Protein chains: 2
Amino acid sequence: MPRPRSDIARRKVIAAVTDIMVERGAGGVTIDAVAARSGVAKTTIYRHWPDRAALVLDTARSHFADFDSPDTGSLRGDLRTYFGLVDDHTLSGEAGNVMPMVLEASNRDPEMAGILDAISTERARDLEAILDRARERGEFASELDSDQLLGVIVGPVVFHKLVRRRPLSPSYVEACIEVALAGIAALAPDSPA
Amino acid sequence: MPRPRSDIARRKVIAAVTDIMVERGAGGVTIDAVAARSGVAKTTIYRHWPDRAALVLDTARSHFADFDSPDTGSLRGDLRTYFGLVDDHTLSGEAGNVMPMVLEASNRDPEMAGILDAISTERARDLEAILDRARERGEFASELDSDQLLGVIVGPVVFHKLVRRRPLSPSYVEACIEVALAGIAALAPDSPA
DNA sequence: TCCGATCGCTACGGTAGCGTAGCGAAACGA
DNA sequence: TCGTTTCGCTACGCTACCGTAGCGATCGGA
């Protein structure tokens, strides 16, 4: 076997791209800047990625790790944990800094839109798993479709962080959970009219 | 008085910048491209705006017109109208296409963040006016603060359009309104425990 | 009508970024 | 240890874009 391509270089480059993305936006990611910042030679970068676009996509992808859907035994407990995980893996830190860029680029880059869809789908799946378990326990019922449930439950939280750009305080998340659950319950078919 | 600066040129340039923003993103807005597309000479563009950044800011600002806060006589009617207006003036059409770019740029450009804050504040003020009138009619009560109310009511709608990038169907908006109002009512101090 | 400022056009120098070539040195697998 | 591959470095040609200068033509106000 020949000498493998250095994984250290790969990591250093992706870290540099992330930093530059945050500081200067997606448009500010130039190969020269990445090379200077990462300490990896420009030529080496081109040996790892065919061009700038691929590098940016790869970097974006790298920040949105999946997580295990929480299972604490109660719907509220699961949702609290879920929002903590979503915050960590999507809305805050590096992922949170990269997210608006992904959103913006998705409007014109199908590949970026694919990444966004993958994240969306994955997070939606996790929420559905939580709701399904709650349903089985008799803790939850609704005839809203999954798009509506997703919007009503995670919408307020994502909006607050991504659009209003305010930190997610526990009390804010708590209020969102309570309003959503109470609202859904009030609209459920067998609820008190 | 000397000859005034051509307003026609100004409009043509801003229209071109908008198109390019949508097609290629904020980074794709180059003065040469704007000149070619608008039919306005590059030199003339520089006579109107000091540099590229000012042009982009001015264009972004131009797309978010305020609107009159609706007053239909009922809370639900006001909210339905409100969401229609928000969609038209913020989430759809040209404003909707520019919005993700404003969001992304706001993370590092204070001036762009200022524009975003202005929109946010204005939209929040309109919602508060609606809620205040409903309160006076005895149609609405809540002890949630205005950030929480804003998030819970408009969060799901904005999330659906901006993050999930799905069209706002009347039935979706309707569901969001009902869940939010029911949830808020259920949490109100004098509601049935 | 006339004056002055604006307009469009062409051309320019300067900068920044792209992506590649060619080299010696270092590193890894066998 | 040996051989192969990758690495870092320098240099290169090319393109795109910036922002300005200088020109004649046009338009609008007084």
Side-chain angles (χ1 to χ4, degrees), chain A residues 1-62 98 101 104-105 108-112, chain B residues 1-60 62 98 101 104-105 108-109 111-112:
Chain A
M1 284 290 285
R3 179 182 170 196
R5 204 144 258 162
S6 164
D7 194 54
I8 297 172
R10 184 178 188 279
R11 285 181 215 275
K12 285 200 287 191
V13 168
I14 288 197
V17 173
T18 304
D19 290 348
I20 296 172
M21 266 183 185
V22 172
E23 284 175 17
R24 315 203 181 169
V29 178
T30 68
I31 303 292
D32 290 275
V34 173
R37 181 140 196 164
S38 64
V40 174
K42 201 165 71 152
T43 42
T44 301
I45 296 174
Y46 278 106
R47 289 181 187 114
H48 282 248
W49 291 272
D51 54 26
R52 188 179 150 285
L55 175 56
V56 170
L57 280 171
D58 207 16
T59 302
R61 222 184 319 264
S62 77
V98 171
M101 194 264 298
E104 196 272 336
R108 104 197 71 84
D109 179 352
E111 297 208 62
M112 199 62 95
Chain B
M1 283 288 287
R3 180 184 171 196
R5 206 143 257 165
S6 163
D7 195 53
I8 297 172
R10 183 177 189 278
R11 285 181 216 275
K12 285 200 286 190
V13 168
I14 288 197
V17 172
T18 304
D19 289 348
I20 296 173
M21 266 184 186
V22 172
E23 284 176 17
R24 315 201 183 170
V29 178
T30 68
I31 303 292
D32 291 274
V34 173
R37 181 141 198 163
S38 64
V40 174
K42 203 165 72 152
T43 42
T44 301
I45 297 174
Y46 278 107
R47 289 183 187 112
H48 282 249
W49 291 273
D51 53 26
R52 188 179 150 284
L55 175 55
V56 170
L57 280 171
D58 207 15
T59 302
S62 76
V98 171
M101 194 264 297
E104 195 272 337
R108 104 197 73 82
D109 179 352
E111 297 207 61
M112 198 61 95

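Any value given below was found using the heavy atoms of this structure, including those in side chains, with hydrogens, waters and symmetry copies removed. Given the structure is predicted, the values throughout are model-derived calculations rather than measurements.
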[X] [atom1] to [N] [atom2], straight-line distance once rounded to whole Å:
X       : N      : atom1 : atom2 : result
A:Arg10 : D:dC7  : CZ    : C1'   : 17 Å
A:Leu55 : C:dG17 : CG    : P     : 15 Å
B:Ile45 : D:dC17 : CD1   : P     : 13 Å
B:Ile8  : D:dT26 : CD1   : C1'   : 13 Å

Item to check | Rounded (10°) bend between the five-pair end axes of the helix from C:dT1-D:dA30 to C:dA30-D:dT1 | outcome: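 It comes to 40° between the two terminal axes.
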Next on the checklist: Using the side chain to side chain donor-acceptor pair (under 3.5 Å) criterion, which residues pair with B:Lys12? Sequence neighbours excluded.
Outcome noted: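 With sequence neighbours excluded, B:Lys12 shows a side chain to side chain donor-acceptor pair (under 3.5 Å) to no residue whatsoever.
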Taking all heavy atoms of [X] and all of [Y], pick out the closest pair and write down the distance.
X        : Y        : result
B:Met112 : B:Ala60  : SD-CB, 4.1 Å
B:Val29  : B:Arg52  : O-NE, 2.8 Å
A:Ser38  : A:Ala16  : CB-CB, 3.6 Å
B:Gly25  : A:Arg108 : N-NE, 3.2 Å

Checklist entry - What residues form a side chain to side chain contact (heavy atoms under 4.5 Å, CB included) with B:Glu23, not counting sequence neighbours? => result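 B:Glu23: side chain to side chain contact (heavy atoms under 4.5 Å, CB included) contacts with B:Arg37.
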Checklist entry - Do any of residues 11-24 of chain A sit with a heavy atom less than 4.0 Å from DNA chain D, and if so which? => result none
Item to check | Residue that, paired with A:Val34, satisfies side-chain contact (heavy atoms from CB on, under 4.5 Å) out of A:Val56, A:Asp19, A:Ile20 | outcome: A:Ile20
Show every donor-acceptor pair shorter than 3.5 Å between a side-chain atom in residues 43-51 of chain B and any protein atom, with sequence neighbours excluded, or say none if there are none.
from: B:Trp49; atom 1: NE1; to: B:Asp58; atom 2: OD2; distance (Å): 2.8
from: B:Asp51; atom 1: OD1; to: B:Ala53; atom 2: N; distance (Å): 3.4
from: B:Asp51; atom 1: OD1; to: B:Ala54; atom 2: N; distance (Å): 3.1

Next on the checklist: Measuring to OP1 and OP2 of C:dT6, would you say a side-chain N or O of B:His48 lies under 4.0 angstrom away?
Outcome noted: no
Checklist entry - For nucleotides 18-24 of chain C, read 5' to 3', which letter fits each nucleotide if B means a protein heavy atom sits under 4.0 Å from the base, S means only the sugar-phosphate is that close, and - means neither? => result BBBBB--
Next on the checklist: The test is side chain to side chain contact (heavy atoms under 4.5 Å, CB included); show your working for B:Val98 and B:Thr59 and say whether it passes.
Outcome noted: CA-CA 9 Å; B:Val98 171; B:Thr59 302; 5.9 Å; no
